[in-house]
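First up is the structure itself, then whatever we jot down about it.
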Amino acid sequence: QRTSTAPGPPKLPLIGNLFDIPTRRELLAYNAMADKYGPIVHLSVLGKNIFVISSARILLELFGHRGANYSGRPHSSMLHDLMDLKWIFAFKSYGTSWRDNRKMFHTQFQESVLPDLQPLQLKSTHAVLRTILASPNDLFKHLHYHVGSCLMEITYGPDTAPRTSRLIGMADDVITAWSKVAVPGSYLVDVLPFLRFIPEWLIPGGGFKKEARICKAKAIEARDAPFDRVKAEMTAGTAPSSFVANLLTSLGSNADTEMIKTCAGTVYMAGTEALSVCLQAFVMAMVTCPDVQKKAQAELDEVVGKDRLPDFGDQSALPYCNAIVKEVLRWNPPAPLASPHLSVNSDIFEGYEIPPGSLIVPNLWKILHDPEIYPNPTQFRPERFLASEYGGELPREVLETLEIVFAPGRRICPGRYFVHTQLFISMASLLSVFDLSPVLDVNGNKEKVEADFTYGLACHPAPFKFSVTPRRPNVQELLDMAAA
Ligand code: HEM
């Protein structure tokens with residue numbers, strides 16, 4: 001079979017496309033490459049092959065049908081060796097340990113066990129509504145704590161607010177540190193791995209070795225402290241149901257406690273940031289699209305009424321709110337370039353040679369902004385997820401959206417079922433009791449807000465001003481009733 005190299009920017013001798021690899025606003029650069037070279041772009045950096053995929057069809061083929069060859073993870077000296085984050089199974093290479101961790105994770109987050117988590121999700125949602133009512137200006141901070149503390153409580157059971165805040169702070173620092181590793185060129189040690197043997201005291205200020213040491217210590221504390229607490233509570237017979245307690249109980253003396261600990265430690269690290277970004281994007285969507293907000297609130301008022309808060313039992317009767325959840329995920333996928341996969345064996349795809357050890361980077365954002373499937377893709381329009389728009393049945397490509405957002409294949413996000421329920425209850429509850437609007441200027445007119453994002457490896461809404469006001473005088477009363 002005749003093969004060729006996939007199209008891509010011209011390569012310089014030895015260094016290849018080193019200067020084409022973006023280090024800021026990465027997403028925009030990869031989008032431009034897709035526009036110029038097509039849905040499969042080849043880059044080569046210092047002998048390493050990188051393929052950027054911007055087509056759902058190709059992604060489903062590589063990560064799905066050919067998944068056995070395309071489900072590895074690249075190794076990073078900074079991340080795996082120095083920060084020692086290899087225990088987080090999202091970073092594990094494809095193999096037995098990754099598979100066992102994933103299986104264990106699945107027992108606690110599969111679709112069938114989600115109803116057990118709903119009381120806790122509701123409690124956490126009502127708590128954040130109360131906090132927002134008391135201090136609406138810190139909305140994003142409250143929403144981050146809401147999703148973070150909810151995931152912590154699901155994993156380890158309830159804890160005091162100060163201890164939860166401390167753990168969240170530490171885990172967030174670890175996430176910030178590893179996000180930096182993902183930006184190419186951040187650490188020379190990832191190009192010249194032998195540098196990891198340099199002692200810290202030889203580097204002025206400690207440099208990358210100090211950063212790695214601090215990150216490693218925080219990650220271990222964020223992972224071990226809550227796990228040890230649950231074990232102590234179990235010994236005392238006071239541990240409530242949680243991810244860790246359930247696994248320790250059901251596995252009994254056969255429990256692989258190390259795996260339970262690492263699997264539990266992965267939950268917060270893998271899930272919080274993405275949920276938090278989705279809620280921020282949701283607020284931006286509501287502020288910039290008042291008609292969407294009004295339509296959703298009208299639906300909520302009709303189904304839920306004005307004298308109670310939304311519940312999971314309302315979900316099936318709220319198609320427009322469910323469509324908002326999907327549109328938030330599509331409009332601003334929080335992991336727009338997912339996590340890179342590593343190929344194992346050499347392969348040929350549609351005549352293009354894919355050498356072993358290639359990095360495969362899915363450009364989910366580009367796929368989810370394909371104007372053929374999502375007309376006017378930058379517009380926030382939940383209607384595109386309503387079957388009524390298509391005469392009764394959603395087209396296959398639109399149905400695939402939620403698979404794409406979570407990167408299809410063997411490493412598809414295992415938290416995806418939970419994500420939908422969490423985003424639904426948080427968004428429906430916020431809309432039911434608050435109006436999210438632009439702020440007023442000195443003349444009392446609404447300031448114009450344009451939807452804009454950071455377009456990096458993670459895609460956050462760019463800073464914008466908004467106001468949060470209760471929709472009705474009885475909000476405090478409703479929240480007090482829910483807490484009783
Ligand atoms: C809006 C929310 C979320 C989005 C859009 C999202 C998306 C993703 C994506 C794109 C991946 C990479 C998959 C791949 O490598 O092919 C991933 C992996 C992962 N996600 Fe999520 N995620 C979200 C929330 C969560 C939550 C809440 C949890 C935990 C409860 C979670 C747990 C994980 C784990 C453990 C992995 C690693 C899977 C593996 O390597 O096998 N995610 N997610």
Side-chain angles (χ1 to χ4, degrees), residues 53 59-60 62-64 67 70-74 85-95 97-111 113-114 117 120-121 124 143-144 146-155 171 175 178 182 243 262-282 325-343 359-365 367-368 401-424 426-427 457-460:
I53 309 296
L59 201 61
L60 289 164
L62 297 185
F63 286 7
Y70 287 101
S71 299
R73 288 275 193 245
L85 297 180
K86 51 185 169 290
W87 57 267
I88 296 177
F89 79 83
F91 298 141
K92 280 185 188 281
S93 53
Y94 187 60
S97 171
W98 164 77
R99 197 173 292 111
D100 291 347
N101 269 268
R102 219 181 133 99
K103 240 186 236 161
M104 181 177 272
F105 185 97
H106 191 60
T107 60
Q108 304 301 309
F109 279 99
Q110 61 192 309
E111 218 171 354
V113 302
L114 288 185
L117 305 181
L120 204 157
Q121 289 174 280
S124 167
L143 292 176
H144 186 77
H146 158 53
V147 288
S149 58
C150 185
L151 280 175
M152 287 267 182
E153 190 165 340
I154 286 170
T155 314
I175 295 167
W178 98 45
F243 181 104
T262 56
C263 214
T266 299
V267 175
Y268 183 95
M269 301 283 187
T272 309
E273 189 59 15
L275 284 173
S276 187
V277 168
C278 281
L279 291 179
Q280 291 174 21
F282 161 74
V325 173
K326 291 180 192 156
E327 181 66 341
V328 166
L329 287 162
R330 182 205 69 82
W331 190 56
N332 182 53
L337 297 166
S339 294
H341 286 210
L342 192 78
S343 73
L359 272 190
I360 315 293
V361 179
N363 187 343
L364 306 181
W365 191 98
I367 298 173
L368 295 166
T401 309
L402 282 191
E403 208 181 335
I404 302 295
V405 169
F406 296 112
R410 298 187 186 195
R411 295 199 87 126
I412 190 169
C413 174
R416 64 195 181 284
Y417 304 115
F418 173 77
V419 167
H420 205 269
T421 59
Q422 183 60 54
L423 291 181
F424 162 76
S426 302
M427 292 177 186
L457 291 178
C459 204
H460 295 260

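The basis for the numbers below is simple: all heavy atoms, side chains too, and nothing from hydrogens, waters or symmetry mates. When a ligand or atom number is given, it counts from 1 through the structure's own listing order. Just so we're clear, the structure is a prediction, and the values are computed from it rather than from any experiment.
For ligand 1 and H341, the ligand atoms under 4.0 Å from any heavy atom of the residue are 14 (C), 15 (O), 16 (O). Of all atoms in ligand 1, listed by their number and element, those nearer than 4.0 Å to a heavy atom of V419 are 1 (C), 2 (C), 3 (C), 23 (C), 24 (C), 25 (C), 27 (C). Numbered from 1 in the order shown, with element, the atoms of ligand 1 that lie under 4.0 Å from a heavy atom of R102 read 38 (C), 39 (C), 41 (O). Residue W98 approaches ligand 1 through these ligand atoms, each under 4.0 Å from one of its heavy atoms: 39 (C), 40 (O), 41 (O). Atoms of ligand 1 lying under 4.0 Å from any heavy atom of L275, numbered from 1 in the order shown and given with element: 27 (C). Near F406, meaning under 4.0 Å from any of its heavy atoms, are these atoms of ligand 1: 3 (C), 4 (C), 5 (C), 6 (C), 7 (C), 9 (C), 10 (C), 13 (C).
Counting only heavy atoms of the protein, atom 3 (C) of ligand 1 lies nearest to A274 CB, 3.5 Å. For atom 32 (C) of ligand 1, the closest non-hydrogen atom of the protein is A270 CB, 3.6 Å. In terms of protein heavy atoms, atom 20 (N) of ligand 1 is closest to C413 SG, 3.2 Å. With respect to atom 19 (C) of ligand 1, the closest heavy atom belonging to the protein is P414 CD, 3.7 Å. With respect to atom 26 (C) of ligand 1, the closest heavy atom belonging to the protein is G271 CA, 3.3 Å. A90 CB, 3.4 Å is the protein heavy atom nearest to atom 37 (C) of ligand 1.
With sequence neighbours excluded, the residues that form a side-chain hydrogen bond (donor to acceptor under 3.5 Å, both in side chains) with R330 are E327.
The distance from atom NE2 of H146 to atom CG of L151, rounded to the nearest 0.5 Å, is 9.5 Å.
Ligand 1 is approached by C278 to a heavy-atom distance shorter than 4.0 Å. Distances shorter than 4.0 angstrom do not occur between any heavy atom of Q422 and any atom of ligand 1. Ligand 1 lies nowhere less than 4.0 angstrom from a heavy atom belonging to P333. The closest approach between any non-hydrogen atom of F89 and ligand 1 is below 4.0 Å. In this structure, R73 has a heavy atom closer than 4.0 Å to ligand 1.
With a 4.0 Å cut-off on non-hydrogen atoms, L329 touches ligand 1 through its side chain and not its backbone. The proximity of P334 to ligand 1, defined as any non-hydrogen pair under 4.0 Å, is limited to the side chain. At a heavy-atom cutoff of 4.0 Å, ligand 1 is contacted by no atom of K92, backbone or side chain.
No donor-acceptor contact under 3.5 angstrom links the side chains of H341 and S71, judged on distance only. R73 and Y94 form no side-chain donor-acceptor contact under 3.5 Å, judged by distance and modelled atom types alone. Side-chain polar atoms of Q121 and T421 form a donor-acceptor pair below 3.5 angstrom.
Contact annotation: the side chain of V419 approaches that of L423 to within less than 4.5 Å [non-hydrogen atoms, C-beta and beyond].
Closest of all the heavy-atom pairs between A182 and L457 is O-CD1, 3.4 Å. The shortest heavy-atom contact between I360 and F63 is CG2-CE1, 3.7 Å. Closest heavy-atom contact between C150 and S124: CB-OG, 3.5 Å. Residues P333 and C459 approach most closely at O-CB, 4.2 Å, considering heavy atoms.
At least one test fails for R411 against the ring of F89: distance under 6.0 Å to the centre or angle within 45° of the axis.
Between R411 and ligand 1, at least one pair of N/O atoms sits closer than 3.5 Å.
Within the set F418, F109, F105, Y70, the minimum heavy-atom distance to atom 29 (C) of ligand 1 is found for F105.
Taking the centre of each ring, F109 and F418 come in below the 6.0 Å mark.
Under the 3.5 Å distance criterion, the side-chain polar atoms of S426 are matched with a main-chain donor or acceptor of Q422.
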